Amino acid sequence: MAQKPSIPKGTRDFSPAEMVRRNYIFDTIKEVFRLYGFQPIETPAMENLSTLMGKYGEEGDKLLFKILNSGDFISKVPQQMLDDKNSNKLTTKLSEKGLRYDLTVPFARYVVQNRSEISFPFKRYQIQPVWRADRPQKGRYREFYQCDVDVIGSNSLLNEVELVQIIDDVFKRLQINTVVKINNRKILAGIAEAIGEAERMIDITVAIDKLDKIGLEKVNAEMVAKGISETAVEKLQPILELEGSTQEKLDQIEQVIGETEVGAKGIAEMRTMFGYLENLELDTEVELDLTLARGLNYYTGAIFEVKSKDVQIGSICGGGRYDDLTGIFGMPDVSGVGVSFGAERIYDVLVQQDAFPSESLETTRALFVNFGEKEEAYCLPVLAKLRKAGINAEIFPESAKMKKQMTYANRKQIPFVILAGDNEIEAQKFTVKNMESGEQQLLNAEELIKILS
RNA sequence: GUGGUUGUAGUUCAGUUGGUUAGAACGCCGGAUUGUGGUUCCGGAGGUCGUGGGUUCAAAUCCCAUCAUCCACCCCA
């Protein structure tokens with residue numbers, strides 16, 4: 001007990017049964033991505049810390065996993081720094097690499113680094129794990145997979161619309177009822193400007209973000225506590241209490257922020273987007289939600305968040321437009337927009353809804369029971385034929401007791417067991433047992449392939 | 001980073017006001033059934049009660065520390 005092996009906090013192993021289900025999710029998502037013309041890329045698990053630092057805000061920097069330099073890293077550090085015991089400063093001396101925190105920043109780095117080979121607009125998808133050093137809790141892990149789709153090098157709002165279609169398509173296929181919440185950073189900036197607190201947009205949005213969680217009064221209190229003036233908070237009230245259709249909401253907001261340049265632009269963008277979306281037959285609900293803020297600071301235009309309607313869990317997909325992410329790497333004026341599907345949360349939703357298709361759980365279709373050397377020799381060529389025909393099949397590798405072999409098939413949920421002993425060999429046939437119904441049939445090799453296909 | 005929860009068999013948990021040999025269910029292994037699994041019946045293995053210290057004649061039970069865990073906050077997928 002005392003020395004059971006373990007894995008780091010917030011990480012998980014995936015059993016065969018879990019992998020089958022995870023692959024079902026990944027495959028569904030990939031299929032949809034390809035349908036819209038996106039191409040895959042992969043980037044390394046680790047990036048230079050200089051690439052990662054400062055992109056996710058102060059909070060994000062703290063959550064980066066840093067990789068210790070190799071070799072005798074400590075003796076190169078000046079004694080003075082060791083004595084100071086300032087972790088932040090020391091870190092830059094001890095670590096030059098870190099594990100990726102998301103897929104968007106490495107993607108931006110990739111684009112800048114390979115710009116001469118990429119033809120824009122560049123539509124890529126990327127499905128890989130990311131790592132965050134925060135405390136695990138429900139639906140939160142330290143290692144988890146993101147499934148990103150981004151278009152970079154195009155300002156068109158058509159891209160935003162297409163992303164909503166992708167979201168709709170993916171969750172339709174996965175049979176998850178969703179609501180897509182959309183907001184726009186320009187509107188948020190407009191609001192901040194209109195109430196005379198342009199510099200405090202982040203604080204304001206972070207507070208507004210909690211509206212449905214802690215209520216209006218507490219949100220107001222938090223803003224005041226953060227140093228927002230009371231008159232500004234007062235001006236904000238009509239926006240926090242918005243009601244009605246998207247159209248009506250936009251009209252109301254326009255009255256408050258239409259004067260500001262960013263605000264007007266944000267409103268116009270939203271009008272265009274919702275105009276497109278209205279004419280598409282989407283299953284998912286799409287709504288304008290001003291309380292949607294999203295943490296990552298690099299967003300500049302539309303922001304998205306998708307929630308399950310039936311299962312309460314954090315957002316299962318999110319993203320937005322970032323106008324100048326590549327600028328940090330020396331390639332200005334390239335706009336991108338993308339969303340990220342959270343595979344683990346989608347998994348949790350599907351588990352709770354029991355919505356995994358049963359066919360997807362099968363790995364082996366048929367098992368040959370092993371009776372001994374002579375019988376092995378008889379089965380092997382037919383086994384090869386089955387595989388050639390695309391049927392997943394295996395033979396039990398030793399002539400163990402029947403019970404053991406049957407139990408093996410049962411546990412592995414193999415639907416068919418094939419028996420071939422003296423009688424079958426003599427008749428040049430095989431006995432096939434349907435493990436669910438218990439029925440048995442005596443068939444020749446061709447019939448066998450037919451029934452298993 | 002802040003606050004809280006819980007650590008007993010492979011798993012989920014029970015364990016009385018501290019009292020002698022720490023239990024159950026499920027799972028696992030074997031047998032009934034040497035060419036038939038999932039059902040049933042019979043039998044068996046498996047725990048230094050998270051770890052270290054303390055109180056006591058006596059600790060799974062009380063106290064302290066430590067580690068782990070889960071949950072909430074911050075933040076986020």
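All values reported here derive from a predicted model rather than from experimental measurement. Any value given below was found using the heavy atoms of this structure, including those in side chains, with hydrogens, waters and symmetry copies removed. Quick note on labels: first sequence line is chain A, next is B, and so on, each numbered from 1.
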Next on the checklist: Going by centres under 5.5 angstrom and planes under 30 degrees, do the aromatic ring of A/F341 and the base ring of B/A77 stack?
Outcome noted: no
Checklist entry - Does the gap between the ring centers of A/Y125 and A/F38 come in under 6.0 Å? => result no
Next on the checklist: Expressed as a whole number of angstroms, how long is the span from A/F368:CZ to B/U36:C1'?
Outcome noted: 17 Å
Next on the checklist: Need one value for A/G438: base, sugar-phosphate or nothing, where a base atom within 4.0 Å counts as base even if backbone is also close, heavy atoms only.
Outcome noted: base
Next on the checklist: Students often get this wrong, so: under 4.0 angstrom with heavy atoms, is A/K404 touching a base, only sugar-phosphate, or nothing?
Outcome noted: nothing
Next on the checklist: For the P atoms, the ones on B/G19 and on B/A58, what distance do you get once it is rounded to whole angstrom?
Outcome noted: 14 Å
Next on the checklist: Is there a side-chain contact between A/R135 and the phosphate of B/A68, meaning an N or O under 4.0 Å from OP1 or OP2?
Outcome noted: no
Checklist entry - Taking atom C1' of B/G37 as reference, at what distance in whole Å does atom CZ of A/F416 sit? => result 15 Å
Next on the checklist: Within the 4.0 Å heavy-atom criterion, would you say A/K433 contacts the bases, only the backbone, or no part of the nucleic acid?
Outcome noted: base
Checklist outcome for this item: Checking B/A77, B/G37, B/C28 against the side chain of A/M435 (C-beta onward), the nearest is B/G37
Checklist entry - Is A/K210 touching bases, backbone alone, or none of the nucleic acid, heavy atoms closer than 4.0 Å? => result sugar-phosphate
Checklist entry - Quick one: does A/N410 reach the base of B/G38 with a side-chain donor-acceptor pair under 3.5 Å? => result no
Checklist entry - Checking all strands, does A/V206 fall into the base, sugar-phosphate, or nothing category for heavy-atom contacts under 4.0 angstrom? => result sugar-phosphate
Next on the checklist: Strictly by Watson-Crick or wobble contacts shorter than 3.5 Å, is anything paired with B/G3, and which nucleotide is it?
Outcome noted: B/C71
Checklist entry - Taking the P atom of each, how far is B/C73 from B/U12, in whole Å? => result 25 Å
Checklist entry - Mind checking the P distance from B/A65 to B/C26? Whole angstroms is fine. => result 41 Å
Item to check | B/C29 pairs with, by Watson-Crick or G-U criteria that keep both distances under 3.5 Å | outcome: B/G43
Item to check | Minimum-distance nucleotide (side-chain atoms of A/L419 versus B/U36, B/A72, B/C76) | outcome: B/U36
Checklist outcome for this item: In whole angstroms, the gap separating C1' of B/A77 from CG of A/L103 amounts to 11 Å
Checklist entry - For B/G23, what is the paired nucleotide under Watson-Crick or G-U wobble rules, both distances under 3.5 Å? => result B/C13
Checklist entry - Would the number of heavy atoms belonging to other residues, nucleotides or ligands and lying under 6.0 Å from OH of A/Y276 be above 12? => result no
Next on the checklist: Using a 4.0 Å heavy-atom cut-off, does A/D422 contact any base of the nucleic acid, only the sugar-phosphate backbone, or nothing at all?
Outcome noted: base
Item to check | Euclidean distance, A/I182 CD1 relative to A/I303 CD1, rounded to 0.5 Å | outcome: 10.5 Å
Checklist entry - Which of parallel (below 30°), tilted (30 to 60°) and perpendicular (above 60°) describes A/Y298 and A/Y322? => result perpendicular
Item to check | Protein-nucleotide distance (A/Q137, atom CD; B/A77, atom C1'), rounded to Å | outcome: 12 Å
Checklist entry - Quick one: which of B/C74, B/C76, B/G35 gets closest to the side chain of A/E59? => result B/C74
Checklist entry - Between atom CD1 in A/I7 and atom C1' in B/U69, what is the gap in whole Å? => result 13 Å
Next on the checklist: Using atom C1' in both nucleotides, what's the gap between B/U39 and B/G46 to the nearest angstrom?
Outcome noted: 26 Å
Checklist entry - Considering only the P atoms, how many Å lie between B/G47 and B/A24, rounded to the nearest integer? => result 15 Å
Checklist entry - Given the C1' atoms of B/C13 and B/G27, what is the spacing between them in whole Å? => result 14 Å
Checklist entry - Nearest-Å distance, NZ (A/K403) to P (B/U36)? => result 11 Å
Checklist entry - How long is the line joining CZ of A/F371 and C1' of B/G35, in whole Å? => result 5 Å
Checklist entry - B/U40 and B/G23: how far apart are their P atoms, nearest whole angstrom? => result 26 Å
Next on the checklist: Taking the ring of A/F430 and the ring of A/Y378, is the distance between their centroids below 6.0 Å?
Outcome noted: yes
Next on the checklist: So A/T407, base contact, sugar-phosphate only, or nothing? Heavy-atom distance under 4.0 Å.
Outcome noted: sugar-phosphate
Checklist entry - Which nucleotide, B/G35, B/G37, B/A72, lies nearest any side-chain atom of A/K138? => result B/A72
Checklist entry - Does A/Y101 have A/R132 sitting over its ring (NZ/CZ under 6.0 Å from centre, angle to axis within 45°)? => result yes
Item to check | Donor/acceptor link under 3.5 angstrom from A/E424 side chain onto base of B/G35 | outcome: yes
Checklist entry - In terms of the nearest nucleotide of RNA chain B, which residue is placed more toward the 5' end: A/T431 or A/V306? => result A/T431
Checklist entry - When the C1' atoms of B/C71 and B/G18 are considered, how many whole Å apart are they? => result 31 Å
Next on the checklist: Under 4.0 Å, counting only non-hydrogen atoms across every strand here, what does A/Q440 touch: a base, just sugar-phosphate, or nothing?
Outcome noted: base
Checklist entry - Is there a Watson-Crick or G-U wobble partner for B/U48 with both distances under 3.5 Å, and which nucleotide is it? => result none
Checklist entry - Taking the six-membered ring where the residue is Trp, are the ring centres of A/Y408 and A/F396 under 6.0 Å apart? => result yes
Item to check | Cation over ring face, A/R124 and A/F107, 6.0 Å, 45° | outcome: yes
Checklist entry - Does B/G37 have a Watson-Crick or wobble mate here (both distances under 3.5 Å), and if so which one? => result none
Checklist entry - Looking across every strand, which nucleic acid part, if any, lies under 4.0 Å from A/Y141 by heavy atom: base, sugar-phosphate, or nothing? => result base
Item to check | Contact nearer the 5' end of RNA chain B, comparing A/K401 with A/N434 | outcome: A/K401
Next on the checklist: From CD of A/Q405 over to P of B/G37, roughly how many Å is that when rounded to an integer?
Outcome noted: 12 Å
